[in-house]
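Everything below concerns the one structure shown next.
Hydrogens, waters and symmetry mates are skipped; everything else that's a heavy atom, side chains included, is used. Sequence positions, counted from 1, serve as the residue numbers for this chain.
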Amino acid sequence: MPTPTAGPGEVRVRLEASGINPADVGRRAGSYRAMEFPRVIPNSDGAGIVDQVGGGVTRLSIGQRVWLFNGQRNGRAFGTAAEYIALAEQLVTPLPDNVSFAAGATLGIPGMTAWCGLYGDGPIAGRTVLVTGGAGAVGHYAVQLAKWGGARVIATVSSAFKAEQARLAGADLVIDYKTEDVVAKAMAFTEGRGVDRVVDVDFGGNIATTLKLMAMNSTIAVYATNGNRSPVVPMRELMERCITLRALVLFALPQPLLAAAQADISKWLAAGKRLHNIAAQFPLSETAQAHLAVEKGDKLGTVVVDCAR
């Protein structure tokens, strides 16, 4: 493939690492829809060094370390499983020197989705947040970002190992939903009040349980629903407690919200040491094997492709 050139308002990034999301695998495999273009370079997230800037670029400069998101999204065929990518500067964010490129490649969709699920309906200081799948790529960042924002955090997990990961991220209460009563433990933790915000990895699979532990005027932020892809929404029950149902997919969210997420994630990274779960690393030549590792469904964290080797 020819090396891309940065157009107006774009930067070109010499990629060091590419992060693979389950959605990248689904798009490549045709699980969501037919492939949008005759040729696609997969993967949305990445990290590297800006090596070219287009006209009108003001936020970034040549030589800057950066992380990026939504590379193969919104009408762009060519993502981050490559040596270079050119894309709009608003999708690119400075990466601190103390964060590796591999770690930076895990930030994109997981970190941005976690922030938008947590803060899309306002501040969370003093609130109780439930993160379902608290050891997953999005969930692990959601736990950390929620604690940073001053919330009390409950995380649900499916194993003892994942429970330890959620605790390391800062969860105040960790519940193994396979062996423990999620509703009883969450309601006891909140003294019967319920939780204010849920960041939910599986709306359809969880809604019967989730409804039993929501507080009045609370929010369920949904970013996936793989357990039941066409769930029945219990509208009357949501209405009676004024529960907001926020469905989100990162590439469709408004730009001001995305910019706020990038700014806050930068502050969060600068404020202390953070945990970035890298499930496995593959060289660029083994991108297919990296996708297979995600397809298996048993990873913990983000599978990363090292674009420089």
Side-chain angles (χ1 to χ4, degrees), residues 110-111 113-225 227-228 231 233-234 237-248 264 268 271-272 274-275 277 300:
T113 299
W115 188 95
C116 292
L118 288 167
Y119 297 97
D121 291 276
I124 58 174
R127 304 292 184 89
T128 301
V129 172
L130 168 64
V131 178
T132 65
V138 174
H140 202 244
Y141 277 138
V143 171
Q144 295 180 73
L145 285 163
K147 287 302 295 178
W148 175 74
R152 296 199 310 161
V153 181
I154 304 168
T156 60
V157 297
S158 60
S159 71
F161 178 71
K162 290 180 179 179
E164 181 59 24
Q165 294 299 306
R167 289 189 191 96
L168 288 172
D172 298 288
L173 173 66
V174 180
I175 307 170
D176 186 330
Y177 66 83
K178 289 191 172 182
T179 61
E180 298 179 288
D181 187 327
V182 175
V183 175
K185 282 187 166 288
M187 294 305 285
F189 182 77
T190 61
E191 299 178 338
R193 181 179 175 277
V195 304
D196 300 293
R197 201 152 301 178
V198 176
V199 179
D200 197 5
V201 69
D202 186 6
F203 175 77
N206 293 332
I207 187 59
T209 298
T210 305
L211 269 182
K212 296 174 184 175
L213 48 77
M214 300 303 297
M216 294 289 289
N217 298 296
S218 52
T219 298
I220 304 172
V222 180
Y223 64 92
T225 183
N228 179 356
V233 177
E237 293 179 73
L238 295 173
M239 291 167 63
E240 287 174 353
R241 273 180 282 167
C242 292
I243 298 171
T244 297
L245 180 59
R246 171 179 283 275
L248 58 91
D264 251 13
W268 169 72
R274 307 304 178 192
L275 300 177
N277 274 353
L300 189 65

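- Two residues are said to be in side-chain contact when any heavy atoms from C-beta on lie closer than 4.5 Å; V222 and L248 fail this criterion.
- The shortest non-hydrogen separation linking P231 to G204 is CB-CA, 3.7 Å.
- Contact of the I243 side chain with the L211 side chain is registered, since non-hydrogen atoms from C-beta on lie closer than 4.5 Å.
- In this structure, the side chains of V233 and L245 come closer than 4.5 Å at one or more pairs of heavy atoms.
- For A155 against G134, the heavy-atom pair with the smallest separation is CB-CA, 4.1 Å.
- Taking the six-membered ring for Trp, Y141 and W268 have ring centres closer than 6.0 Å.
- With hydrogens and angles ignored, the 3.5 Å screen pairs no side-chain donor or acceptor of R193 with any backbone N or O of M216.
- Atom CZ of residue R127 and atom CG of residue L118 lie 12.5 Å apart, to the nearest 0.5 angstrom.
- Put simply, the side chain of H140 never gets that close to the backbone of A166: no donor and acceptor are under 3.5 Å apart.
- In this structure a side-chain-to-backbone donor-acceptor pair under 3.5 Å is missing from Y223 to V138.
- With respect to the salt-bridge test (charged N to carboxylate O, under 4.0 angstrom), the residues D121 and R197 do not qualify.
- Within the model, atoms OG1 of T225 and CD1 of I207 stand 9.5 Å from one another, a figure rounded to the nearest 0.5 Å.
- For Q144 (side chain) and L275 (main-chain N/O), a donor-acceptor pair under 3.5 Å exists by modelled atom type.
- The distance from atom OG1 of T210 to atom CD of E237, rounded to the nearest 0.5 Å, is 11.5 Å.
- The backbone N or O of P110 sits nowhere less than 3.5 Å from a side-chain atom of T113 that would complete a donor-acceptor pair.
- In this structure the side chain of Y177 never reaches within 4.5 angstrom of the side chain of N206, judged on heavy atoms.
- Using a 4.0 Å cut-off between charged nitrogen and carboxylate oxygen, K147 and D172 count as a salt-bridge pair.
- The structure places CG of L238 at 8.5 Å from CE of M214, a figure rounded to the nearest 0.5 Å.
- Side-chain contact between V157 and I175 is absent, with no heavy atoms from C-beta onward closer than 4.5 Å.
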Under the side chain to side chain donor-acceptor pair (under 3.5 Å) criterion, do D196 and S218 qualify, and how do the steps go? CA-CA 5 Å; D196 300 293; S218 52; over 6 Å; no

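- How far CZ of R152 is from OG1 of T190: 7.5 Å, rounded to the nearest 0.5 Å.
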Take V129 and V195 through the test side-chain contact (heavy atoms from CB on, under 4.5 Å) and record every step on the way to the result. CA-CA 6 Å; V129 172; V195 304; over 6 Å; no

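- Using a 4.5 Å cut-off on side-chain heavy atoms (C-beta onward), V199 and T132 make no contact.
- Taking every heavy atom of both residues into account, R274 and A271 meet most closely at NH2-CB, 3.4 Å.
- Scanning all heavy atoms of the two residues, the minimum distance from L145 to G111 falls at CD1-O, 3.9 Å.
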Check step by step if side-chain contact (heavy atoms from CB on, under 4.5 Å) holds for I220 and R246. CA-CA 6 Å; I220 304 172; R246 171 179 283 275; over 6 Å; no

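- In this structure, the side chains of V131 and I154 stay at 4.5 Å or more apart for every pair of heavy atoms.
- By the 4.5 Å heavy-atom criterion applied to side chains, F203 and N228 are not counted as neighbours.
- Here the closest heavy-atom approach between residue L300 and residue A135 is recorded as CD1-O, 3.2 Å.
- Tested against D264, the residues W115, W148, Y119 include a single side chain to side chain donor-acceptor pair (under 3.5 Å) partner, W115.
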Please report the C-alpha distance between L130 and L213 in whole Å, then the side-chain angles of each, then the deciding distance to 0.1 Å, and finally whether the side-chain contact (heavy atoms from CB on, under 4.5 Å) criterion is met. CA-CA 10 Å; L130 168 64; L213 48 77; 3.8 Å; yes

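- At most 12 heavy atoms of other shown residues, nucleotides or ligands fall within 6.0 angstrom of atom CD in E191.
- Considering all non-hydrogen atoms of both residues, V153 and A146 come closest at CG2-CB, 3.6 Å.
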